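Take a look at the structure below.
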Amino acid sequence: MPHYDLVIVGTGSGNSILDPRFADWNTAIVEKGTFGGTCLNVGCIPTKMFVHAANVAATPATSSKFGVDEELTGVRWRDVRDRIFGRIDPIAEGGREYRAGHEDNKNVTVYEGEGRFTGHKELRVSYPDGRPAETITADKFVLAAGGRPVIPDIPGLADTGYHTSDTVMRLDELPSSIVILGGGYIAAEFAHVFASFGVDVTVVNRSGALLRSEDDDVSARFTELAAQRFDVRLDRKTVRARKTASGVALDLEGPQGAETVEADVLLVATGRTPNSDLLDVAATGVTTGERGHVVVDEYQQTVVDGIYALGDISSVFELKHVANHEQRVVQHNLLHPDERIEADHRFVPHAVFTSPQVASVGLTEREARERGVSYVTSHQDYAGIAYGWAMEDTTGFAKLLADPATGQLLGAHIIGPQASSVIQPLIQAMSFGLDAKSMARGQYWIHPAMPELVENALLNLPLD
Ligand SMILES: Cc1cc2nc3c(=O)[nH]c(=O)nc-3n(C[C@H](O)[C@H](O)[C@H](O)COP(=O)(O)OP(=O)(O)OC[C@H]3O[C@@H](n4cnc5c(N)ncnc54)[C@H](O)[C@@H]3O)c2cc1C
Ligand SMILES: NC(=O)c1ccc[n+]([C@@H]2O[C@H](COP(=O)([O-])OP(=O)(O)OC[C@H]3O[C@@H](n4cnc5c(N)ncnc54)[C@H](O)[C@@H]3O)[C@@H](O)[C@H]2O)c1
């Protein structure tokens, strides 16, 4: 039975651990799918490439108010798709070849199969092509096996034929209509992509608002704007999914009683779940929390000495920048077991690349209230700063929460153009403890640039 110093399960963020500093470690890496993991192959990167194409396609619809008449004459879906994956697929393959064959990696054995723990620090790797399974052991493991889409238990769904984010970007034809089940990140991003390409989009959500984990004001504004672009059905229970002659139908129950929505294609976007169960982490003594995330300490170590975990398998954030941070922490702690460092999850931001963009860091107003934190808020519309006014933006805003005693920022929430970039100085201020007043007046803000939104939101905080 081969024994290693270190085995890494998963080649998403886990693949970045091995570098020349591990040259004298006997290591193995196990991957059951495509090298590079979710973000590269079916997550952040392709979705944002589709979003960029969607933004280009959506421009003519709004250009005439600026005196520029443009017309969208067509979207060549296969060309859009093939340009994106024609750039991504070679990166995944190059990564695989590098680990499997390059002399830099002569200390690395690549197992292209599915790992499952069968005992203490004992992993069985099985192969889809019927090759006999192998069992490997190691002193240390890194669990970086990510997560997968949740498929809700809806009668008929399994036989209906549905897509998830894993498959919908590889469709052969652009459908004329799509129904998206879910109202979170993935639903918001794909609704924007498909609607911009001229597809009729219906969004079916269980709760009463889209992006409901955002600050209530942002969620309400996004829900209102989404309803102008898509057919949005909120507070709906999906009682049955059915195949139809041309696609799929969902039978719903909602505030107005029973109804049916039909479309060519169904996208299920109802959340993701960690792969800790399929990896059977319990067999090696690793524990999981309520939602299946592997439990780790501040050093990213599980309850088993020498077994670390990172990214979606252990992180409730399920974001790539968090997985990258945790990967750096695990890498350091493997290399320097006597000087371990802690992961920093104090101010984790996120952005939703829909239209308008949404970005957020820190506490929402609801969370501040629920935690009994004392706070003041401010609001600044894009329309009230020069660049937003020039763009004739009428719906975007920034909302800040700050501690009235210290002026420290507690939360920042932005909906509007370039929100994912505009929020960055606020993340910086929170991370380094810069108070709102010093931040607003202790530096220049380029005029007339979009960050003036932040400057004005800071100045609007009712602080002494
Ligand atoms: C559609 C979509 C869009 C996203 N967009 C963004 C975004 O814009 N910004 C952002 O920050 N985050 C985004 N995310 C989230 C981001 O992709 C994840 O947080 C990140 O990829 C997690 O990285 P990871 O290394 O933990 O896991 P992964 O990248 O999922 O890697 C896990 C790897 O382990 C392999 N594996 C699993 N089980 C086993 C096993 N038993 N044996 C062997 N191998 C196994 C898998 O095949 C996979 O390759 C998006 C996610 C999705 C689905
Ligand atoms: N821009 C980004 O950073 C980005 C983009 C995409 C995905 N992601 C990551 O991927 C994760 C998964 O995304 P997601 O959108 O699938 O999950 P999510 O948790 O954001 O949203 C799930 C949505 O599905 C709804 N839902 C759940 N069960 C339902 C049902 N039976 N019927 C109808 N609606 C139902 C929920 O109310 C919620 O609105 C995110 O949490 C995020 O971490 C990030």
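Sequential numbering from 1 along the given sequence is applied to the chain's residues. Not measured: the values here are computed from a predicted model.
In terms of modelled atom types and a separation under 3.5 Å, the side chain of Ser276 and the main chain of Val281 share no donor-acceptor contact. Of the possible polar contacts, one joining the Ser431 side chain to the Ile427 backbone as a donor-acceptor pair under 3.5 Å is found. Remark: the backbone N or O of Leu6 is not paired with any side-chain donor or acceptor of Thr27 at under 3.5 angstrom.
We find the CD1-CG distance between Ile313 and Leu278 to be 9.0 Å, quoted to the nearest 0.5 Å. Atoms CZ and CZ, from Phe230 and Phe194 in turn, are 12.0 Å apart once rounded to the nearest 0.5 Å. Distance check, rounded to the nearest 0.5 Å: NZ of Lys399 to CG of Asn460 gives 13.5 Å. The CD atom of Gln327 lies 7.5 Å from the NZ atom of Lys320; values are rounded to the nearest 0.5 Å. Rounded to the nearest 0.5 angstrom, Leu410 CG and Leu400 CG are separated by 10.0 Å. From Arg328, atom CZ reaches atom CG of Asn333 across 13.0 Å, with rounding to the nearest 0.5 Å.
Counting all heavy atoms, side chain and backbone alike, Ala28 lies closest to Tyr111 at CB-CE1, 3.7 Å. Annotation for Pro404 and Tyr375: closest pair CD-CA, 3.7 Å, computed over non-hydrogen atoms. In plain terms, the two heavy atoms of Arg272 and Asp312 that are nearest each other are NE-OD2, 4.3 Å.
With respect to the salt-bridge test (charged N to carboxylate O, under 4.0 angstrom), the residues Glu112 and Arg96 qualify. Under 4.0 Å is where a charged nitrogen must lie from a carboxylate oxygen, and between Glu189 and Lys48 at least one such pair does. One finds a salt bridge joining Arg441 and Glu455 here, because a Lys/Arg side-chain nitrogen approaches an Asp/Glu carboxylate oxygen to under 4.0 Å. Between Arg124 and Asp280 there is no salt bridge, since no side-chain nitrogen of the basic residue lies less than 4.0 Å from a carboxylate oxygen of the acidic one. Electrostatic pairing of Asp172 and Arg81 counts as a salt bridge here, judged by a charged N lying under 4.0 Å from a carboxylate O.
Heavy atoms from other residues, nucleotides or ligands lying under 6.0 Å from CD of Glu342 number more than 12. Around atom CG of Asp153, no more than 12 heavy atoms belonging to other residues, nucleotides or ligands sit under 6.0 Å away. Heavy-atom neighbours of His52 NE2 from other residues, nucleotides or ligands within 6.0 Å: at or below the threshold of 12. Shown here is Arg87, whose CZ atom has no more than 12 heavy atoms of other residues, nucleotides or ligands within 6.0 Å. Heavy atoms of other residues, nucleotides or ligands lying less than 6.0 angstrom from CD of Gln443 number more than 12.
With 3.5 Å as the limit, one finds no donor-acceptor pair spanning the side chains of Gln300 and His332. In this model, a donor atom of one side chain and an acceptor atom of the other lie less than 3.5 Å apart for Ser420 and Gln357. One side chain, Arg148 or Asn275, offers a donor N or O that lies under 3.5 Å from an acceptor on the other. Inspection of the Arg233 and Asn205 side chains reveals no N or O donor paired with an N or O acceptor under 3.5 Å. When only modelled atom types and interatomic distance are considered, His3 and Asn26 share no side-chain donor-acceptor pair under 3.5 Å.
Here the two rings, on Tyr308 and Tyr299, have centers that are 6.0 Å apart or farther. The ring of His350 has its center closer than 6.0 angstrom to the ring center of Tyr185.
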Legend entry - Val294 and Thr287: CA distance, side-chain angles, deciding distance, side-chain contact (heavy atoms from CB on, under 4.5 Å) verdict: CA-CA 6 Å; Val294 166; Thr287 53; over 6 Å; no
Inset, instruction - Show the numbers, then the answer: is there a side-chain contact (heavy atoms from CB on, under 4.5 Å) between Val218 and Ile414? - result: CA-CA 7 Å; Val218 170; Ile414 303 182; over 6 Å; no
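Under the salt bridge (charged side-chain N to carboxylate O under 4.0 Å, His left out) rule, Arg366 has a single partner from Asp215, Asp217, Asp216, which is Asp216.
Both tests pass for Arg170 against the ring of Phe85: distance under 6.0 Å to the centre and angle within 45° of the axis.
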